[in-house]
Every structure is written in structure tokens, then in C-alpha cells.
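Each chain gets a letter, A, B and so on, in the order the sequences are listed, and its residues count up from 1. Model, not experiment: these values are computed from the prediction.
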Amino acid sequence: MQYWLFKSEPDSFSLNHLKKMRKSPWDGVRNYMARNYMRSMQPGDLGFFYHSRVDPPGIAGVCKVVSQPYDDFTALDKKSKYFDPKSTADNNRWSLVDVEYVETFKHFVTLEELKDHPELKDMVVTRKGNRLSISPVQPAEWKVVLALGRGK
DNA sequence: GCCAACGTTGGC
DNA sequence: GCCAACGTTGGC
């Protein structure tokens, strides 16, 4: 059982969208490191839902992995903006998992707050220039952020 | 297999 | 909207 951070631009997909849908495939990851992380996910893993490219950016709540990793079907769909001409049904370069809504934090934990906590200084998301849309979260970091989000 | 050019991400 | 930082591509 592992912890993760899922990053998304809320204009295209927010935690509220996931809440309404209850469950959704996390499609469109087109970065090898992020894909490799996703391929190591297991049902039951938990993740923070991070909102990027908004003011302020930060963690909105929690979601849960509810499937094994499987082929990202949007890579084969010519009409999708995630279409990948180098992927085929037999050899799809990209993977995804299904995620389910768990909770919305009472208190939105901003990036600035994350950076303010010395225990969180090694979190991937607080590193400068980080562009990974999927990253691992350490259990100790998970506890700290969860406490912040639930308002202690 | 190097690396310049390009496209994208994401904080500000 | 700007632009630094980064990953990917493709010519050589």
C-alpha cells in the first residue's frame, strides 16, 4: 500500500469533477517517469489530488486507486488530444489506473504551506521546476499533509 | 549517442 | 501572460 500525488489542472479536471463522477480513469499521462509510477500502483493505494496552474496551487483532497494499471485507451483514439501515433493496441506506450473520490479537505493546503513545513521539503511537488504529474508520497509526509487538510 | 531545437508545464 | 525549467524529438 503506497501513497501518491496526482496533479491536475482544475480547469480540465478537478477534485469536484471526480466527486461528481465518483470514479474516473486517470488518462493522458504522457511522461515516462509518471507512467512508471502509475504502473507500480495497486488497488487501495491512496493519493493526494493536487490542483496546478491555479491561484493558489495546492492539495484539494484525497482519492484512491481502484484498479490495476491498464492500457491508456486515449493513446489509440485519433480524436483524443492524448492520441499517440506511436502506440498500438498491441503495444500501447501508456498506462493508467482508475481513481475514486475519497474526500475534500476542509482546508485547501496550498503549495506555500507545503513549502513552509520542513518535514515536507523533500516532497517532489515542492521542488523547483518539478513537472511530474504523478509522484510518490512518503508515509510521514502523508500524515502531515492529511492533518493540515483536515484542520488538525 | 549527442545535443540543439522545440513544445509543454506550472509558479508567479 | 510570461518565462524558466524540463522532457522529448530528430538530424547528424
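If you measure from atom CG of A:D11 to atom P of B:dT8, you get 18 Å, rounded to the nearest angstrom. The NE2 atom of A:H51 sits 17 Å away from the P atom of B:dC12 (whole-angstrom rounding). To the nearest angstrom, C1' of B:dT9 lies 11 Å from OH of A:Y50. Between A:K115 atom NZ and B:dC12 atom C1' there is a gap of 10 Å when expressed in whole angstrom units. Rounded to whole angstrom, the span from the CG atom of A:L111 across to the P atom of B:dG11 amounts to 6 Å. To the nearest angstrom, P of B:dG11 lies 6 Å from NZ of A:K7. Distance A:R30 CZ to C:dG7 P: 18 Å, rounded to the nearest Å. In this structure, the CE atom of A:M33 is 15 Å from the C1' atom of B:dT9, given to the nearest Å.
Contact check for A:P56 versus A:F108: side-chain heavy atoms found under the 4.5 Å cut-off. With contacts defined as side-chain heavy-atom distances shorter than 4.5 Å, the pair A:M123/A:V145 qualifies. Side chains of A:Q68 and A:Q42 form a contact here, defined as non-hydrogen atoms less than 4.5 Å apart.
In terms of position along DNA chain C, the nucleotide closest to A:N31 lies nearer the 5' end than the nucleotide closest to the other residue of the pair A:N31 and A:K86.
Checking C:dG10, C:dT8, B:dG11 against every side-chain atom of A:Y32, the shortest atom distance belongs to C:dT8.
For A:R93, the salt bridge (charged side-chain N to carboxylate O under 4.0 Å, His left out) criterion is met by A:D84, not counting sequence neighbours.
Contact annotation: A:K128 does not reach the phosphate of B:dT9 (side-chain N/O to OP1 or OP2, under 4.0 Å). For B:dT8, the OP1/OP2 oxygens have no side-chain nitrogen or oxygen of A:Y82 closer than 4.0 Å.
A:N130 comes within 4.0 angstrom of sugar-phosphate atoms only, judged by non-hydrogen atoms across all strands, and of no base.
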